[in-house]
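Bear in mind that the values here come from a model prediction, so they are computed numbers and not experimental data. Lettering follows sequence order; numbering is per chain, from 1. Just the heavy atoms: all of them, side chains too, but no hydrogens, waters or symmetry mates, feed the values below.
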Number of protein chains: 2
Amino acid sequence: MKKLFAINKLRELGYKITPQREYILDLFLKSKEHPSAESIYNTLKENFPYISLSTVYNTLNTLVDIGLARAIFLEDKTYFDPNIEPHSHFVCEHCGKIYDLEPVSIDLKSLKTEYISRIHNLDVYIYGICKECTYIKAQ
Amino acid sequence: MKKLFAINKLRELGYKITPQREYILDLFLKSKEHPSAESIYNTLKENFPYISLSTVYNTLNTLVDIGLARAIFLEDKTYFDPNIEPHSHFVCEHCGKIYDLEPVSIDLKSLKTEYISRIHNLDVYIYGICKECTYIKAQ
DNA sequence: ATCATTTTTAATAATAATTATTAATTTATA
DNA sequence: TATAAATTAATAATTATTATTAAAAATGAT
Ligand SMILES: [Mn+2]
Ligand SMILES: [Mn+2]
Ligand SMILES: [Zn+2]
Ligand SMILES: [Zn+2]
């Protein structure tokens, strides 16, 4: 179970397990839609009215720091992704939804290495219109 | 000349050519280092102390709107690129510099199109450490 | 169970990038 | 030169995110 793994890793690194962190993990780890801190906050507020946005940011940033989540920086704000397997993203320019795509394989060896000493990471964003938006528009 | 092309396109679309826009075009169009609005503003201020940051933002955003520049959204802020040929970017995680790379060729046809109706654009960011930073660190 | 230590929370303030507003000025055109 | 439309600079507003901090909670040892 993803949550237990996350809790173990947090404990192992000296982080304490609070109810707030568990609520966030419960919601975030199973999400597929790349939520923002605020959207997680708004959802949690329904059940836990006293949770604070700072705590949500704190927890999500911690998860990114320890490698259990990744951040997706788009034009307007930061989105968070609990899927840390290599993969790419499709961003619909109409509705803003972010979809997972297969990892795009890039031959990093073939890159001009004039400037590059070491490669740590790769982000591929494909922008366009999603099927849902085309379908709605066609009605 | 890139500047004349930009001015013609602006005129053609009903934009007026002001000295401020020319100063910005002069500086921006020949830049290779993906400047931010503020860095352009700071450089221009040396020669034109009365230019405003709003005007720089306005002009850069206009250039993006009409397809003469692209915006690069990174974690901290927006950078602007006068190079509108397809290409990728390498971002040094140590010094923050953004380097141009050859366009990464991706077989868009091979993408799972479960969600995708139309593709407009593609952004590839490779993160790592640049040679300059490795060299400096080794000293 | 209690204590001591460390961390976390929530609330709030602060920061920083960007956009909005607007009166005065400038451009483009006739 | 007169007119209409767009732009500028200054400033205010907005928004996402981080920083601060006193009070509360978690952890681990007694
Ligand atoms: Mn994803
Ligand atoms: Mn570039
Ligand atoms: Zn869509
Ligand atoms: Zn570097």
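Rounding to the nearest 0.5 Å gives a distance of 5.0 Å between CG of B/Leu44 and CG of B/Leu27.
Using bins of under 30°, 30° to 60° and over 60° for the plane-to-plane angle, the ring pair A/Tyr99/A/Phe90 lands in the tilted bin.
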Please determine whether side chain to side chain contact (heavy atoms under 4.5 Å, CB included) holds for the pair A/Tyr125 and B/Val124, giving the CA-CA distance in whole Å, both sets of side-chain angles, and the decisive distance to 0.1 Å.
CA-CA 6 Å; A/Tyr125 299 110; B/Val124 176; over 6 Å; no

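Note on A/Leu13 and A/Ile17: same hydrophobic cluster, where clusters join Ile, Leu, Val, Met, Phe, Trp and Tyr whose side-chain heavy atoms are under 4.5 Å apart, directly or indirectly. Grouping the Ile, Leu, Val, Met, Phe, Trp and Tyr side chains by contacts below 4.5 angstrom, directly or via other members, places B/Ile72 apart from B/Ile66.
The nearest whole Å value for the distance from the CD1 atom in A/Ile24 to the C1' atom in C/dT8 is 11 Å. Atom C1' of nucleotide C/dT9 and atom OH of A/Tyr41 are separated by 13 Å, given to the nearest angstrom. At whole-Å resolution of the value, OH in A/Tyr15 and C1' in C/dT9 are 16 Å apart. Between A/Tyr57 atom OH and C/dT8 atom C1' there is a gap of 19 Å when expressed in whole angstrom units. Atom CG in A/Leu13 sits about 13 Å away from atom P in C/dT7, given to the nearest Å. Atom CG in A/Asn58 sits about 10 Å away from atom P in C/dA10, given to the nearest Å. In this structure, CG of A/Asn61 is placed 13 Å from P of C/dT8, rounded to the nearest angstrom. Between A/Arg11 atom CZ and C/dT7 atom C1' there is a gap of 13 Å when expressed in whole angstrom units.
Nearer to the 5' terminus of DNA chain D, by closest-nucleotide assignment, is the contact made by B/Gln20 (compared with the other of B/Ser54 and B/Gln20).
Residue contacts shown for A/Thr78 are limited to sugar-phosphate atoms, with no base heavy atom under 4.0 Å away. Nucleic acid contact for A/Thr18: sugar-phosphate only, since backbone atoms but no base atoms lie under 4.0 Å from a heavy atom of the residue.
In this model, no side-chain donor or acceptor of A/Lys16 finds a partner on the base of C/dT7 within 3.5 Å.
Under 4.0 Å is where a charged nitrogen must lie from a carboxylate oxygen, and between A/Lys3 and A/Asp26 at least one such pair does.
From the 5' end on, the contacts that DNA chain D makes with chain A at under 4.0 Å to a non-hydrogen atom open and close at D/dA16 to D/dT27.
Across A/Leu68 and A/Ile84, no two heavy atoms sit closer than the pair C-CG2, 3.6 Å.
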